[in-house]
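Structure record follows, encoded as structure tokens.
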Amino acid sequence: MSKEITARAVDYSQWYNDLVLKGGLADYSAVKGCMVIKPYGFALWENMRDVLDKMFKDTGHQNAYFPLLIPKSFLSKEAAHVEGFAKECAVVTHYRLKNDPNGGGVVVDPEAKLEEELIIRPTSETIIWNTYKDWIQSYRDLPLLINQWANVVRWEMRTRLFLRTAEFLWQEGHTAHATEAEAVEEAQKMMEVYATFAENYLALPVIRGTKSESERFAGAVDTYCIEALMQDGKALQAGTSHFLGQNFAKAFDVQFTGKDNKLEYVWATSWGVSTRLVGALVMAHSDDEGLVMPPRVAPIQVVIVPIYKGDDQKKVLDERIGALVQELKQAGIRVKYDDNDNSRPGWKFAEYELKGVPVRLAIGPRDLENGVAEVARRDTREKANLPLEGLAARIQDLLEEIQHNLYQKALHFQETHVTQVDDFETFQKVLDEKGGFVSAPWDGTAETEEKIKELTKATIRCIPLNNPKEGGKDMLTGKPSAERVLFARAY
RNA sequence: CGGGAUGUAGCGUAGUCCGGUCAUCGCGCCUGGUUUGGGACCAGGAGGUCGCAAGUUCGAAUCUUGCCAUCCCGACCA
């Protein structure tokens with residue numbers, strides 16, 4: 001069949017591509033490095049977005065929108081920041097096209113060169129802090145808690161659907177605070193929001209931690225992160241939250257007058273998650289039959305497939321199933337009744353399995369006689385006949401059970417893929433043969449971290465929160481180590 | 001951005017070395033009919049600038065050059 005997907009064991013990368021493309025989440029586009037998010041994939045993102053948006057608002061944030069284009073000079077104001085992003089910025093140099101005098105279509109009008117070139121935002125710290133300067137004068141203006149939903153562009157050399165594309169969708173929170181402690185607390189709080197979201201909605205267990213200096217966001221004092229583990233044993237950074245100190249306040253001269261009438265620089269945070277979460281979701285739960293969607297964010301939670309011979313039976317089914325659809329909708333369930341007569345039940349079964357719909361109901365005349373529906377769950381692929389009477393409530397429970405089951409499965413995988421090692425030889429062996437996180441003592445230097453990366457391709461994913469301080473020896477250098485950190489090969 | 005591979009109808013493909021009724025086959029699509037409890041069947045039909053652009057040639061899917069896109073492996077990164 002044309003919809004067949006490559007098995008994980010055969011080619012994991014191809015399996016992932018097959019799921020995204022054949023599952024209808026996204027397509028390649030005519031533009032290098034950019035993808036088209038298709039309706040089914042976008043519906044998934046919208047569900048994620050809606051939940052996160054509510055969580056942000058519940059923690060006191062407001063949405064705003066800042067420009068896509070940023071004056072080039074802004075980027076250079078914060079030294080570490082420009083260093084981090086300069087290499088991947090798209091630049092707008094002209095503002096007009098004209099007909100090619102040689103008849104070759106349109107060309108850039110050389111007379112329309114911009115005085116100051118504009119960069120397409122790779123992130124918005126600079127334009128936002130330039131704006132905050134005008135918004136903040138007094139401690140009464142603080143804290144300033146803003147989020148924006150936006151697209152950003154980072155000119156990546158190698159792209160992968162959802163995981164790394166030149167343009168992607170995300171949200172970026174940018175907050176300003178009167179004290180350092182309050183800003184740190186905000187950064188930690190938002191990391192916790194992300195972790196809660198990943199675990200409760202994406203059924204994706206994550207490890208909370210901080211980044212080592214070399215993995216830190218360009219311009220941050222501290223980067224908090226949530227790290228997830230994919231089925232191939234590679235780690236994936238699922239969200240980051242940065243304590244920016246006063247770096248941007250100083251770069252953009254954002255000061256406020258305190259109660260004591262003294263001028264002070266504000267303390268800042270920024271935090272973001274992106275459409276990359278879609279990739280994380282796909283790789284964490286799906287199987288060789290196709291996508292597996294966690295019910296809480298699944299675009300379609302329940303699909304109903306009618307089984308009938310002839311129009312008469314169809315009519316009877318339409319009526320009964322129509323009532324059931326209403327019942328399910330009233331229970332807040334996202335349901336689709338697929339009564340398309342052009343494809344047969346078997347085809348639909350396979351199609352919705354590929355799309356990862358958590359629950360499928362098949363209902364035919366036989367079922368109506370018995371007052372039941374055949375209920376199939378995507379996660380375990382089990383089927384059962386359940387009474388139509390009170391079905392909505394049963395389905396609600398079932399969706400929660402599936403959500404929970406997916407989380408438990410992923411959690412078990414994660415827990416069994418954190419390996420403690422103390423020597424470098426074992427470290428390499430675990431990475432090659434088992435994958436996952438490797439917890440190993442590290443001497444705390446960037447040099448050692450770099451050396452380990454060169455030798456093994458593994459990086460420090462995070463220093464877990466509340467990490468026990470245990471004396472030891474660095475597995476590579478033998479130098480004193482204050483604590484274990486988590487290494488992994490990563491996306 | 002370096003190395004390797006690929007690009008023929010919506011999808012998957014034959015043909016490319018050796019230029020000349022070669023645009024092949026399957027799925028899908030449209031029409032009609034029979035069907036419908038795990039990817040239906042019959043009959044008829046539509047659909048292709050052979051990735052794009054130059055060039056070589058009497059003649060190019062096929063040869064040459066450039067470009068575009070995708071995949072895999074590196075370096076870089078969410």
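Small disclaimer: the values here were computed from a predicted structure and weren't measured. Values below: all heavy atoms of this structure, side chains included; hydrogens, waters and symmetry mates excluded. Below, chains carry the letters A, B, ... as their sequence lines are ordered, and counting in each starts from 1.
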Listing time: all N or O pairs from protein to nucleotides 40-47 of chain B that are below 3.5 Å?
residue, atom, partner, partner atom, Å
rA40(B), OP2, Arg344(A), NH1, 2.5
rA40(B), O4', Arg344(A), NH1, 3.0
rA40(B), N9, Arg344(A), NE, 3.4

Run the side-chain donor-acceptor check on residues 216-226 of chain A: report pairs under 3.5 Å with partners two or more places apart or on a different chain.
residue, atom, partner, partner atom, Å
Arg216(A), NE, Val221(A), O, 3.3
Arg216(A), NH1, Val221(A), O, 3.3
Thr223(A), OG1, Phe217(A), N, 3.1
Thr223(A), OG1, His242(A), ND1, 2.8
Tyr224(A), OH, Gln188(A), NE2, 3.1

query = Base, sugar-phosphate alone, or nothing: which one does Gly84(A) contact when heavy atoms must sit under 4.0 Å apart?
reply = nothing
request  = Indicate, with a heavy-atom threshold strictly under 4.0 Å, whether Glu353(A) touches base, sugar-phosphate, or nothing.
outcome  = base
rA43(B): pairing nucleotide in any strand, Watson-Crick or G-U under 3.5 angstrom = rU31(B)
inquiry  = Mind checking if Val31(A) touches a base, just sugar-phosphate, or nothing, with heavy atoms under 4.0 Å?
reply    = sugar-phosphate
key: Ala362(A) side-chain proximity, nearest of rC76(B), rG37(B), rG38(B)   = rG37(B)
request  = Return the orientation label for the Phe427(A) and Phe487(A) ring planes: parallel under 30°, perpendicular over 60°, tilted otherwise.
outcome  = perpendicular
query = So does Tyr308(A) get a side-chain nitrogen or oxygen closer than 4.0 Å to the phosphate oxygens (OP1/OP2) of rG37(B)?
reply = no
query = Should rU6(B) form a Watson-Crick or G-U wobble pair with both distances under 3.5 Å, which nucleotide is its partner?
reply = rA69(B)
note = Of the listed rG74(B), rG38(B), rG37(B), the closest approach to the Lys383(A) side chain comes from rG38(B)
query = Considering only side-chain heavy atoms of Pro365(A), which listed nucleotide, rG37(B), rG74(B), rC77(B), is closest?
reply = rG37(B)
Among rU70(B), rC77(B), rU36(B), the one nearest Tyr28(A) by side-chain distance = rU70(B)
key: Nucleotide of rC1(B), rU70(B), rG37(B) approaching Met157(A) most closely (side-chain heavy atoms)   = rC1(B)
